[in-house]
Visitor: 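I'd like to ask some things about the structure below.
Everything numeric in this text was worked out from a predicted model, so none of it was measured. Position 1 is the first residue of the sequence, and the numbers go up from there.
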Amino acid sequence: RFPGFEKTQWGEEMPSGVMAAFNNPGSFGLVLLSLLAGLLEFTVWSEDYATKEPGNFGDPLGLKQYTEDMRNQELNNGRFAMVAILGIVAAELVTGKDAVQQLGF
């Protein structure tokens, strides 16, 4: 854990895993992260839907590797990552152990 974040604002031990986001100072971090992500989504990472389909960023580094097959692979990787996170959170809610504790560390 980060120094200074071992206890909640009320002196109780900070829970691990998903429940840390619902206790202070974890809730402050969740709100700050959400605001920062929203700001970046609406300003820096805005997309031009008139000329491109959603999620099509082309080849930003100019590596000449962007193909329709590569785009589909990246979309599937993103979908699999979302399902994996959902499984980790569901397992934590059922067992009461966070992801690292479930591995035995």
Side-chain angles (χ1 to χ4, degrees):
R1 303 203 179 193
F2 293 114
F5 291 98
E6 294 91 8
K7 298 192 180 288
T8 65
Q9 182 178 2
W10 299 279
E12 301 166 355
E13 185 173 333
M14 178 67 83
S16 61
V18 175
M19 296 313 294
F22 300 105
N23 287 306
N24 202 4
S27 57
F28 174 73
L30 179 64
V31 169
L32 187 64
L33 184 63
S34 299
L35 289 174
L36 180 64
L39 178 71
L40 289 173
E41 281 284 335
F42 287 114
T43 58
V44 179
W45 296 327
S46 60
E47 296 184 44
D48 183 16
Y49 294 114
T51 59
K52 294 181 182 178
E53 57 208 2
N56 183 357
F57 294 105
D59 189 8
L61 297 178
L63 300 175
K64 307 286 188 243
Q65 295 180 344
Y66 183 75
T67 62
E68 190 68 25
D69 186 48
M70 178 63 87
R71 182 173 185 274
N72 288 333
Q73 289 176 1
E74 287 297 321
L75 286 172
N76 287 334
N77 277 341
R79 291 173 183 141
F80 182 74
M82 288 185 276
V83 171
I85 290 295
L86 182 64
I88 290 170
V89 170
E92 179 182 338
L93 294 175
V94 170
T95 65
K97 296 180 179 181
D98 65 25
V100 175
Q101 291 171 336
Q102 290 180 31
L103 291 174
F105 296 113

Visitor: Which residues satisfy the side-chain contact (heavy atoms from CB on, under 4.5 Å) test with V94, sequence neighbours excluded?
Guide: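 For V94, no residue satisfies side-chain contact (heavy atoms from CB on, under 4.5 Å) once neighbours in sequence are set aside.
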Visitor: My understanding is that a hydrophobic cluster links ILVMFWY residues whose side chain heavy atoms are under 4.5 Å apart, including indirect links. Using that, what else belongs to the cluster containing L86?
Guide: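 When side chains under 4.5 Å apart are linked, L86 ends up in no cluster with other residues.
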Visitor: Kindly give the cluster partners of M82, where membership spreads through any ILVMFWY side chain lying under 4.5 Å from a current member.
Guide: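 Once heavy-atom contacts under 4.5 Å are chained together, M82 still belongs with nothing else.
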Visitor: Can you name the side chain to side chain donor-acceptor pair (under 3.5 Å) partners of Q101, sequence neighbours left out?
Guide: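 With neighbours one apart ignored, the set is empty.
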Visitor: Which other residues end up in the same hydrophobic cluster as F42, if Ile, Leu, Val, Met, Phe, Trp and Tyr are linked when side-chain heavy atoms come under 4.5 Å apart?
Guide: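 Once heavy-atom contacts under 4.5 Å are chained together, F42 still belongs with nothing else.
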Visitor: Determine all donor-acceptor pairs shorter than 3.5 Å in which one atom belongs to a side chain in residues 26-41; sequence neighbours excluded.
Guide:
unit_1	atom_1	unit_2	atom_2	d
S34	OG	L30	O	2.9

Visitor: Looking only at non-hydrogen atoms, find the nearest pair between M19 and E92 and report the distance.
Guide: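 Smallest interatomic distance, heavy atoms only, reads N-OE2, 4.0 Å.
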Visitor: Among all residues two or more places apart in sequence or in another chain, which pass the side-chain contact (heavy atoms from CB on, under 4.5 Å) test with N72?
Guide: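 Listed in chain order: E68, L75.
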Visitor: Going by side-chain contact (heavy atoms from CB on, under 4.5 Å), name the residues that satisfy it together with D69, two or more places apart in sequence or in a different chain.
Guide: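 With sequence neighbours excluded, D69 shows a side-chain contact (heavy atoms from CB on, under 4.5 Å) to T67, Q73, given in chain and number order.
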Visitor: If you link ILVMFWY side chains whenever their heavy atoms are less than 4.5 Å apart, which other residues fall into the same cluster as L61? By chain and number, please.
Guide: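 Besides L61, the hydrophobic cluster comprises L63, listed by chain and residue number.
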Visitor: What closest approach, in Å, do K97 and Q102 show between heavy atoms, and which atom pair accounts for it?
Guide: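 Taking every non-hydrogen atom into account, O-NE2, 2.9 Å.
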